[in-house]
Amino acid sequence: MESQLKLRKLTEAALDYQRKMTHPIIFWFAMLAKLPSAVFWRLKIKTLDTEKCEVTIPYFWRSQNPFKSIYFAALAGAAELSTGALCQLALAGNGQFSMLVVDFRAEYSKKANTKTTFSCHQGSELFDLIGGMQIGETAQLTMISEGKNSSDETVAKFYVTWSFKRKN
């Protein structure tokens with residue numbers, strides 16, 4: 001019942017985006033065309049709804065560094081995708097916007113040597129921000145993506161600041 005209520009808030013364009021991004025084959029082709037590193041690192045969107053986005057990255061030879069952990073750039077890519085996909089969901093069907101990363105910070109706290117899941121839980125805040133913007137207005141939101149290993153321990157936190165501008 002709860003997930004049905006979340007789906008009702010989404011525009012048709014957002015529902016279509018959500019279906020495509022959570023479908024493994026369509027996601028793979030979309031990433032191959034737009035973000036090939038996501039395919040190389042085998043990023044997957046586990047959850048995408050009005051509340052949160054969860055992206056997984058496996059620990060294997062393509063994502064690892066010489067120190068037997070996931071390469072920091074691969075972690076950053078998964079973290080950014082967890083915030084960016086949520087932004088795209090919020091924007092879909094709500095007019096024309098431009099969006100851009102204007103700041104990016106990271107905190108690493110543990111070696112990432114297992115499958116890592118990045119979660120951003122700021123959907124409500126983001127949807128409120130986007131819904132309240134007028135044409136020509138700009139706004140920024142710093143979104144936090146927390147990466148946890150298979151033991152549910154935090155390995156890294158990323159702070160991605162997105163800038164939005166509502167167009168005509």
Side-chain angles (χ1 to χ4, degrees), residues 1-60 62-63 70-94 97 99 101 104-110 112-131 141-162 164:
M1 176 72 174
E2 184 179 314
S3 64
Q4 288 176 336
L5 291 175
K6 289 178 187 175
L7 292 178
R8 286 190 202 135
K9 294 179 189 175
L10 297 175
T11 65
E12 272 305 311
L15 286 169
D16 186 50
Y17 178 79
Q18 182 186 47
R19 279 190 293 271
K20 288 176 180 174
M21 294 302 280
T22 56
H23 188 282
I25 295 169
I26 296 171
F27 175 77
W28 188 88
F29 278 110
M31 292 299 103
L32 187 62
K34 300 285 185 184
L35 192 62
S37 60
V39 173
F40 184 76
W41 291 324
R42 285 201 198 146
L43 302 183
K44 290 185 179 136
I45 293 184
K46 181 178 167 184
T47 307
L48 177 60
D49 59 37
T50 58
E51 300 298 317
K52 68 179 181 236
C53 181
E54 296 175 319
V55 174
T56 61
I57 181 167
Y59 171 67
F60 73 128
R62 286 192 225 167
S63 64
I70 299 176
Y71 180 50
F72 81 95
L75 293 171
E80 185 199 9
L81 182 59
S82 73
T83 64
L86 199 53
C87 291
Q88 292 284 26
L89 184 69
L91 296 176
N94 286 312
F97 286 82
M99 60 185 266
V101 172
F104 192 87
R105 294 180 295 119
E107 296 172 359
Y108 301 93
S109 52
K110 187 164 182 56
N113 55 9
T114 66
K115 177 177 165 181
T116 302
T117 301
F118 281 90
S119 302
C120 179
H121 294 270
Q122 290 173 267
S124 294
E125 183 180 359
L126 175 64
F127 274 77
D128 289 346
L129 175 76
I130 297 302
L141 179 63
T142 299
M143 300 178 75
I144 301 166
S145 183
E146 185 174 15
K148 293 190 174 191
N149 62 18
S150 55
S151 300
D152 204 37
E153 301 168 308
T154 299
V155 297
K157 270 189 183 179
F158 288 82
Y159 302 84
V160 184
T161 302
W162 288 95
F164 304 96

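Just so it is clear, the structure is predicted and the values come from calculations on it, not from any experiment.
- There is no side-chain donor-acceptor pair under 3.5 Å between T56 and T117.
- Every side chain to side chain contact (heavy atoms under 4.5 Å, CB included) that L129 has, sequence neighbours left out, goes to A139, L141, F164.
- The line from CD of E107 to NZ of K157 is 6.5 Å long, rounded to the nearest 0.5 Å.
- The shortest non-hydrogen separation linking S82 to L86 is O-CB, 3.8 Å.
- Note that the CG atom of N113 and the OH atom of Y59 stand 6.0 Å from one another [nearest 0.5 Å].
- Between L81 and F27, the closest heavy-atom pair is CD2-CZ, 3.9 Å.
- For the pair L126 and M143, the minimum side-chain heavy-atom distance is below 4.5 Å.
- Atom CD of E125 and atom CD of E51 lie 11.5 Å apart (nearest 0.5 Å).
- For T22 (side chain) and Q18 (main-chain N/O), a donor-acceptor pair under 3.5 Å exists by modelled atom type.
- Taking both residues in full, the closest heavy atoms of W162 and G84 are given as CZ2-CA, 3.6 Å, listed atom of the first, atom of the second, then distance.
- Side-chain N or O atoms of Q122 include one that pairs as donor or acceptor with a backbone N or O of I144 at under 3.5 Å.
- Considering every non-hydrogen atom in both S63 and P58, the closest pair reads OG-O, 2.7 Å.
- Listed by first and then second residue, the side-chain hydrogen bond (donor to acceptor under 3.5 Å, both in side chains) pairs involving residues 23-48 are T47-E54 (not counting sequence neighbours).
- No donor-acceptor distance shorter than 3.5 angstrom exists from the side chain of D152 to the backbone of K148, with no hydrogens or angles considered.
- Distance check: C87 SG to M99 CE gives 4.5 Å after rounding to the nearest 0.5 Å.
- Take S109 and apply the side chain to side chain contact (heavy atoms under 4.5 Å, CB included) test, not counting sequence neighbours, and it matches T154.
- Heavy atoms only, all atoms of each residue included: F118 and A79 are closest at CD2-CB, 3.7 Å.
- Judged as a side chain to side chain contact (heavy atoms under 4.5 Å, CB included), and not counting sequence neighbours, the contacts of A14 are L10, T11, L89, A92.
- The aromatic rings of F158 and Y108 stand perpendicular to each other, their planes meeting at an angle above 60°, with 30° marking the opposite boundary.
- Not a single ring pair (Phe, Tyr, Trp, His ring centres under 6.0 Å) links Y159 to another residue, sequence neighbours left out.
- The shortest distance between side-chain heavy atoms of V160 and T142 does not fall below 4.5 Å.
- Judged as a salt bridge (Lys or Arg N to Asp or Glu O under 4.0 Å), and not counting sequence neighbours, R62 has no contacts.
- Atom-to-atom distance recorded for K20:NZ and I26:CD1 is 7.0 Å, nearest 0.5 angstrom.
- Annotation: F40, atom CZ; neighbour count of heavy atoms from other residues, nucleotides and ligands within 6.0 Å is above 12.
- A 6.0 Å sphere centred on CZ of F72 holds no more than 12 heavy atoms belonging to other residues, nucleotides or ligands.
- When all heavy atoms of S145 and T83 are compared, the pair lying nearest together is CB-CG2, 4.1 Å.
- Looking at heavy atoms from C-beta onward, N149 lies in side-chain contact with K110 at the 4.5 angstrom threshold.
- Not one N or O on the side chain of E80 forms a donor-acceptor pair closer than 3.5 Å with the backbone of V101.
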